[in-house]
Amino acid sequence: AQSVTQLGSHVSVSEGALVLLRCNYSSSVPPYLFWYVQYPNQGLQLLLKYTSAATLVKGINGFEAEFKKSETSFHLTKPSAHMSDAAEYFCAVISGGGADGLTFGKGTHLIIQP
Amino acid sequence: EPEVTQTPSHQVTQMGQEVILRCVPISNHLYFYWYRQILGQKVEFLVSFYNNEISEKSEIFDDQFSVERPDGSNFTLKIRSTKLEDSAMYFCASSGASGRGSYEQYFGPGTRLTVT
């Protein structure tokens, strides 16, 4: 079985400040990990993925995430927040083959203060 | 850039009625999925479909749900007799890789289903 825990249902940062969204996973086999972003009234857009290559993964819009096996974490960061980053962010894990569904965390709502 | 499309964007139906949600996955993808997101909750996996049959399904996907790929492009989710608790956003997704590869699932914009 696999699971994802996202700490903090809401995170508020000032524009220009560091963004840190936390994700911890549980998986019985080496996982593939993903971050998705959901803007209001839109679908899910893939930000970045970890697929057992480099542990530091760079994604779109200046986001990156680091896979830490010892901590079972895959936290999402961005050095400088922009107003357009305000959205819901979901961490997801998959452990099996292509037919498996993603297991999502509950999401973190990122608020950007001007 | 290829994308997953879904129709309709919003569906309102009465309890007990049948609904069909439609999706057009990315054309060369092999795996197709349905997820749902009840308002304010996390996204939940319903079912995956590969080679014209269901591959995996969650406990949510009970006998009132069915999926079909009626032609080479469409992928549908049918709910036979809708209940109030079926009200949710339903997302279709597709992925291209076979086996345990570096696959990503690409999501459509969703269909908001409201059961009254």
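It should be emphasised that the depicted structure is a prediction, and the values quoted were computed from it without experimental measurement.
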Any donor-acceptor N/O pair, B:Y33 side chain to A:L102 backbone, under 3.5 Å = no
Single hit among A:L46, A:T51, A:L48, A:I94 for side chain to side chain contact (heavy atoms under 4.5 Å, CB included) with B:E104 = A:L46
query = Can you name the closest pair of heavy atoms from A:D100 and B:Q105 and give their distance?
reply = O-NE2, 3.3 Å
inquiry  = Under 4.5 Å between side-chain heavy atoms, counting indirect links through other Ile/Leu/Val/Met/Phe/Trp/Tyr residues: same cluster for A:F67 and A:F104 or not?
reply    = no
key: Atom CD of B:E85 with >12 non-hydrogen neighbours under 6.0 angstrom   = yes
request  = Considering only heavy atoms and a distance below 4.5 Å, find which of A:Q38, A:H109, A:Q45 pairs most often with chain B.
outcome  = A:Q38
query = Is there a path of hydrophobic side-chain contacts, each under 4.5 Å between heavy atoms of I, L, V, M, F, W or Y residues, that connects A:L56 with A:L21?
reply = no
query = So does B:L39 have more than 12 non-hydrogen atoms from other groups sitting under 6.0 Å from CG?
reply = no
note = Highest number of heavy-atom pairs under 4.5 Å with chain A among B:Y106, B:F91, B:F49, B:Y35 belongs to B:Y35
inquiry  = Could you see if A:L33 belongs to whatever hydrophobic cluster contains A:I60? Use Ile, Leu, Val, Met, Phe, Trp, Tyr and a side-chain cutoff under 4.5 Å.
reply    = yes
task = Decide if atom CG of B:N28 counts as having more than 12 heavy atoms of other residues, nucleotides or ligands within a radius under 6.0 Å.
result = yes
note = Separation between CD (A:E88) and NZ (B:K42), nearest 0.5 Å, reads 13.5 Å
note = Looking only at B:E44, B:Q37, B:Q6, B:M89, most heavy-atom pairs under 4.5 Å shared with chain A are made by B:Q37
request  = Give, as side chain, backbone, both or neither, the part of A:Y50 having an atom under 4.5 angstrom from any heavy atom of chain B.
outcome  = neither
